[in-house]
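Reviewing the structure listed below.
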Amino acid sequence: MHHTTSNTSQHRALGNHAWRDRAACRSTPHHQIDPDLFFPEPDELDRIHQAKTLCAQCPVRQGCLDAALDNGDTVGIRGGKTEEERDPLHKKTEFRLDYSRVNDALAGRDIFLSRAERRAVARAAYQADIPADRLATMLKISDEHAKKLYRRTRREIRNRAAEQQATEDNAAVIPLDNTRKVSHNPQRKTSAHSTRQSAA
């Protein structure tokens with residue numbers, strides 16, 4: 001199932017690692033952190049607990065997790081989650097559909113997009129008559145690839161419209177088998193009338 005959201009938010013730009021400067025795990029002359037703490041073995045529960053405790057205090061924990069998911073980083077504890085806890089999130093990222101990311105990309109922001117989000121950008125750009133070369137810049141692809149995406153988008157829109165029209169046409173047809181048949185047998189009416197008179 002696709003995860004869909006339209007919340008507006010600022011997403012980390014590709015190549016932007018400024019968030020690391022605010023990370024709780026960043027070592028300073030007065031605050032030394034052992035980086036190996038975040039790469040424990042599965043059975044080292046004490047180290048895992050220590051790392052997660054530090055992550056819980058981190059102001060950029062979500063940014064750290066997003067970076068790990070965007071980059072396919074499956075090793076170590078990131079964003080307060082172990083490798084095993086992040087595994088299902090990695091699997092879902094490919095199918096994620098976050099319209100705030102789509103809108104950011106359309107606005108020219110250089111951010112990570114899932115496959116579903118890239119297709120949504122192509123569809124929105126096509127409907128907005130954005131030139132293929134500009135779409136190529138947004139998605140960092142060749143002009144020819146952008147034109148191919150537009151051709152596929154055009155087919156998808158045409159096929160969807162045809163399917164919708166067919167559904168509407170089918171809904172407008174009333175099956176004859178479901179038409180209620182009214183009896184026109186005068187003898188039955190006469191018989192029923194006679195019965196009522198006899199009862200009176």
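As a basis for the values below, the full set of heavy atoms in this structure was taken, side chains included, without hydrogen atoms, waters or symmetry mates.
By the neighbour-count criterion of 12 heavy atoms within 6.0 Å, atom NE2 of His90 is densely surrounded, having more than that number from other residues, nucleotides or ligands.
The two residues Glu83 and Gly76 make their nearest non-hydrogen contact at OE2-N, 2.7 Å. In plain terms, the two heavy atoms of Ala51 and Leu37 that are nearest each other are CB-O, 3.8 Å. Nearest approach of Ile48 to Pro42, heavy atoms of both residues: CD1-O, 3.8 Å. Between Ala67 and Arg78 the shortest heavy-atom distance is CB-NH2, 4.0 Å. Nearest heavy-atom pair, Leu54 versus Ala24, reported as atom, atom and distance to 0.1 Å: O-CB, 3.8 Å. Minimum heavy-atom separation, Cys55 to Phe38: SG-CE2, 3.9 Å.
Hydrophobic clustering (side-chain heavy atoms under 4.5 Å, transitive across Ile, Leu, Val, Met, Phe, Trp, Tyr) keeps Leu69 apart from Leu97. Residues Leu89 and Ile77 do not share a hydrophobic cluster, defined by chaining ILVMFWY side chains whose heavy atoms lie under 4.5 Å apart.
Remark: Ile111 CD1 to Asp70 CG distance equals 8.5 Å, nearest 0.5 Å. With rounding to the nearest 0.5 Å, the separation of CG in Leu149 from CZ in Arg154 is 11.5 Å. Atom CG of Leu65 is separated from atom CG of Asp73 by 10.5 Å, given to the nearest 0.5 angstrom.
Taking the salt bridge (Lys or Arg N to Asp or Glu O under 4.0 Å) definition, one finds that Arg86 meets it with nothing, sequence neighbours left out. Under the salt bridge (Lys or Arg N to Asp or Glu O under 4.0 Å) criterion, Lys52 pairs with Glu85, sequence neighbours left out.
Neither side chain, Glu163 nor Asn159, offers a donor N or O lying under 3.5 Å from an acceptor on the other. Gln165 and Asp169 are linked by a side-chain donor-acceptor pair at a separation below 3.5 angstrom, with hydrogens and angles left out of the test.
Contacts classified as ring pair (Phe, Tyr, Trp, His ring centres under 6.0 Å) and involving residues 138-165 (residues at least two apart or in different chains) are given here: Tyr126-Tyr150. Note on residues 24-41: no pairs pass side chain to side chain donor-acceptor pair (under 3.5 Å), not counting sequence neighbours. Among residues at least two apart or in separate chains, side chain to side chain donor-acceptor pair (under 3.5 Å) pairs with a member in residues 129-144 are Asp110-Lys140. Applying the side chain to side chain donor-acceptor pair (under 3.5 Å) test to pairs two or more places apart or on separate chains, those with a residue in residues 111-125 are Glu94-Arg115, Arg96-Glu117, Ser114-Glu117, Arg119-Glu156.
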Q: Please report the C-alpha distance between Asp46 and Gln50 in whole Å, then the side-chain angles of each, then the deciding distance to 0.1 Å, and finally whether the side chain to side chain donor-acceptor pair (under 3.5 Å) criterion is met.
A: CA-CA 6 Å; Asp46 288 342; Gln50 291 178 39; 6.0 Å; no
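Inter-residue side-chain proximity for Asp66 and Gln62 is flagged as met; some heavy-atom pair is nearer than 4.5 Å. With a 4.5 Å cut-off on side-chain heavy atoms, Val121 and Leu135 count as touching.
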